[in-house]
Number of protein chains: 2
Amino acid sequence: MLKISKKADYALMALQHIASVQFGDITPGRVVNTKEIAEEYHIPLELLAKVLQVLSKNGLIESHNGPKGGYLLARSARQITIAQILESIEGPLAITDCSHEKDGDYCMQREHCNIRTPLLKIQDSIYQLLNNMTLGDMLGGTPLITIQSPSAQGVER
Amino acid sequence: MLKISKKADYALMALQHIASVQFGDITPGRVVNTKEIAEEYHIPLELLAKVLQVLSKNGLIESHNGPKGGYLLARSARQITIAQILESIEGPLAITDCSHEKDGDYCMQREHCNIRTPLLKIQDSIYQLLNNMTLGDMLGGTPLITIQSPSAQGVER
DNA sequence: ATGATCTCCGATCAATATGGTCGTACTAAA
DNA sequence: TTTAGTACGACCATATTGATCGGAGATCAT
């Protein structure tokens, strides 16, 4: 449950790779093509291509056509949050259906719903979490997120 | 994305209802049967029944058979966390596949994977969040969760 | 200019997960 | 013993997801 899709996984891997090449020591500024990433991480080429297309359409990366072409981060790794990446691939991230709810369809339970408010709170918290962590944080070195005290008051699992 | 299933939704609603009846002012200690909940929230009866069965099998609620039967919380609402409820219905909550990974199948990307560690961190944080909030918190009144500073350093959406 | 290489884009298919249904067996109260 | 209720397992339909295929446009090297 709460699993993120493979596409999103691939997106994260690809972006991490592009970022590390682009800002790495070896060949800074080099563009990275789809094939290179697909082979490196054993991802089906066609699927990865589609994922990258979406990322590019959403302005996270820039595409350069033709031979010697490839992809480049559209902005600094510190300015790309995990939330943006995930939303770019999987649409708005909402725990509940009723959080966007266009006026045609709303859930039958709505008026008697007793869990809407708390769920929205949880959703918010998760969003904060994902939006406070950037691609830059994933490049290693720097501490990731400040996890609220792991003093699990509850039960083990 | 990150959506929780309808079953989990139903579970939360049902538990909230049971708790509020059981600890409410009107008829404290009363058992609640499936039909009552299904009608109150317009949930398909059969599906809800199955959800409640699972919850009961997992020890979150107690079932009482026969006429005048129904369900009862197995322990105090404060001792039932949201994480427990969700896991009870949807299995272990893991963002990534590679977090449990029995030794037969592990992902091809594993050894080159560059996003495993950060993803596990995120997963932990979400788990903390869900495990620090109890059914009791959903009953209203009491403040829900302490959201870590919403000082969004990043971009709006 | 021409061909090779690459991205772009849309359509499509298969597998899996999910939401929902049905029928029956079992239990306990009246 | 009848009846109202839960317990349980098999089952189907549909939606989502993962993955594939084919062609159109762009760009660089020759």
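These values consider heavy atoms only, across backbone and side chains, with no hydrogens, waters or symmetry-generated copies. In what follows, every chain begins at residue 1, and chains take the letters A, B, ... in the order their sequences are listed. Predicted, not measured: the structure shown is a model, and the values here were computed from it.
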Those residues at least two apart in sequence (or on a different chain) that pass side chain to side chain contact (heavy atoms under 4.5 Å, CB included) with A/Lys7 are A/Ser5, A/Leu47, A/Val51, A/Ile89
Atom CG of B/Asn58 and atom C1' of D/dA7 are separated, to the nearest Å, by 15 Å
B/Leu52 atom CG is separated from D/dG5 atom P, nearest whole Å, by 15 Å
Notebook entry, point to check: Quick one: does A/Met138's side chain get under 4.5 Å of A/Met133's, heavy atoms only?
Noted result: yes
note: B/Asn33, atom CG; D/dA4, atom P; distance rounded to Å ~ 13 Å
Between CD of B/Gln53 and C1' of C/dG20 the distance, given in whole Å, is 14 Å
Rounded to whole Å, the NZ-C1' distance (B/Lys57 to D/dC8) equals 8 Å
task: Verify the contact: side-chain N or O of B/Ser63 to OP1 or OP2 of D/dA7, cut-off strictly under 4.0 Å; return yes or no.
output: yes
From CD of B/Glu62 across to C1' of D/dG5 the rounded distance in Å is 17 Å
Validation: residues 53-67 of chain B side-chain donor-acceptor distances under 3.5 Å, sequence neighbours left out:
none

With B for base contact, S for sugar-phosphate-only contact and - for none (protein heavy atoms under 4.0 Å), nucleotides 13-30 of chain D reads -----SBB-----SBB--
Across all chains, not counting sequence neighbours, the salt bridge (charged side-chain N to carboxylate O under 4.0 Å, His left out) partners of A/Glu90 are none
In whole angstroms, the gap separating C1' of C/dG20 from CD1 of B/Ile43 amounts to 13 Å
Identify each donor-acceptor pair in which a side-chain atom of residues 19-32 of chain A lies under 3.5 Å from a protein atom, sequence neighbours left out, and give them as a table.
unit_1  : atom_1 : unit_2  : atom_2 : d
A/Ser20 : OG     : A/Gln16 : O      : 3.4
A/Ser20 : OG     : A/His17 : O      : 2.9
A/Gln22 : OE1    : A/Leu73 : N      : 3.0
A/Thr27 : OG1    : A/Arg30 : NH1    : 3.2
A/Arg30 : NH2    : A/Glu36 : OE1    : 2.6
A/Arg30 : NH2    : A/Glu36 : OE2    : 2.7

Apart from A/Leu45 itself, members of its ILVMFWY cluster (side-chain separation under 4.5 Å) are none
